[in-house]
Amino acid sequence: MPDLAGPTVWRRPPMTSAPVIVSLPISDRATSYRFYRNGLGLDAVGELAADGIPEPLQFVVNDGLRLMLIPTGGFGWVIGRHEVAPRGQSECLLNLGVAAPTEVDALVERARAAGAEIITETADQPWAYAGVFADPDGHLWMVSADSGS
């Protein structure tokens, strides 16, 4: 058997205490600000810009995760030559885990009321009780909870 603990094994340096930041391109700061604040109940952080919205526009998802929303033109500056996916084409699915199926229903309904497009209505799935919605820019969000089954 190979010696996996030998001196040639690369070890990742420890992560810093800073939160992980997920960045998404957006088309309109005000629309996204209202959706994530009112629709998902997330707290925005940062200094207010002239438009009354924090810049950069970041929301606290939990202690270890922040969501940064970057206008599409600025997003291209951040990612270089990589193209931003057109609306309706998603390269990832973001998941918000909650404690109970009733919380899944409540958060998906709150998102719907704030303008989300419901992609998958809430229901028992083989992996959890879940529902999927698209935010105003088409980014897909799943809300899930252990179904207890």
Side-chain angles (χ1 to χ4, degrees), residues 10-149:
W10 179 82
R11 300 210 190 283
R12 179 180 57 83
M15 299 296 284
T16 64
S17 61
V20 171
I21 299 173
V22 173
S23 299
L24 297 175
I26 59 170
S27 60
D28 183 75
R29 283 173 42 83
T31 298
S32 293
Y33 176 68
R34 284 189 305 273
F35 178 81
Y36 283 96
R37 185 191 63 195
N38 300 339
L40 299 186
L42 299 179
D43 292 324
V45 296
E47 297 290 324
L48 296 182
D51 62 1
I53 298 172
E55 177 60 40
L57 181 52
Q58 289 189 44
F59 289 92
V60 176
V61 177
N62 60 38
D63 289 339
L65 179 63
R66 286 192 182 181
L67 176 66
M68 184 183 301
L69 303 174
I70 303 171
T72 304
F75 201 82
W77 175 76
V78 171
I79 62 174
R81 296 182 310 180
H82 183 81
E83 297 278 331
V84 174
R87 182 177 174 79
Q89 294 183 359
S90 185
E91 295 176 343
C92 70
L93 174 64
L94 302 159
N95 187 71
L96 295 172
V98 296
T102 55
E103 291 180 44
V104 173
D105 291 333
L107 188 52
V108 169
E109 284 308 312
R110 186 173 174 170
R112 183 193 316 262
E117 175 189 355
I118 304 304
I119 305 301
T120 304
E121 293 288 346
T122 57
D124 277 314
Q125 303 295 340
W127 60 89
Y129 184 82
V132 178
F133 64 85
D135 72 8
D137 290 286
H139 303 296
L140 298 179
W141 288 84
M142 176 184 288
V143 182
S144 65
D146 184 2
S147 62
S149 52

Listed partners of A49 passing side chain to side chain contact (heavy atoms under 4.5 Å, CB included), at least two apart: R29, D51, E55
Checking N38 now: which residues fulfil side chain to side chain donor-acceptor pair (under 3.5 Å) with it, not counting sequence neighbours? none
Look up atom CZ in F133 and atom CG in L107, then write down how far apart they are to the nearest 0.5 Å. 6.0 Å
Give me the atom names and distance for the closest heavy-atom approach of T31 to P136. CG2-CB, 3.8 Å
If only atom types and distance count, is the side chain of H139 paired as donor or acceptor with the main-chain N or O of C92 below 3.5 Å? no
Write down the atom of V104, the atom of S144, and the distance for their closest heavy-atom approach. CG2-C, 3.6 Å
Rounded to the nearest 0.5 Å, what separation is found between the CG atom of L40 and the CZ atom of F59? 8.5 Å
Looking at every non-hydrogen atom in both residues, tell me the closest pair between L140 and A134 and how far apart they are. CD2-CB, 4.0 Å
Separation of I53 CD1 from E47 CD (nearest 0.5 Å): 15.0 Å
Which pairs pass side chain to side chain donor-acceptor pair (under 3.5 Å) with one or both residues in residues 129-138, sequence neighbours excluded? S27-D137, S32-D137, Y36-D135, D105-Y129, T122-Y129
Atom pairs and distances, side-chain donor-acceptor, residues 114-121, under 3.5 Å, sequence neighbours left out:
{"unit_1": "E121", "atom_1": "OE1", "unit_2": "R112", "atom_2": "NH2", "d": "2.8"}
{"unit_1": "E121", "atom_1": "OE2", "unit_2": "R112", "atom_2": "NH1", "d": "3.4"}
{"unit_1": "E121", "atom_1": "OE2", "unit_2": "R112", "atom_2": "NH2", "d": "3.3"}

Which heavy atom in M142 sits nearest to a heavy atom in L93, and how many Å separate them? CE-CD2, 3.7 Å
From CZ (R34) to CG (D28), nearest 0.5 Å: 7.0 Å
Do you know which two heavy atoms are closest between A145 and A99, and how far apart they sit? CB-C, 4.1 Å
Closest non-hydrogen atom pair between L42 and V61, with its separation: CD2-CA, 4.2 Å
Applying side chain to side chain contact (heavy atoms under 4.5 Å, CB included), can you list everything that pairs with P54, at least two apart in sequence or on another chain? Y33, A44, L48, L57
Pairs flagged by ring pair (Phe, Tyr, Trp, His ring centres under 6.0 Å) wherever residues 101-124 is involved - sequence neighbours left out: none
Under 4.5 Å between any side-chain heavy atoms of S147 and Q125, yes or no? no
Going from CG on L67 to CG on N62, what distance comes out if it is rounded to the nearest 0.5 angstrom? 11.5 Å
At what distance, to the nearest 0.5 angstrom, does OG of S23 lie from CD of Q58? 7.5 Å
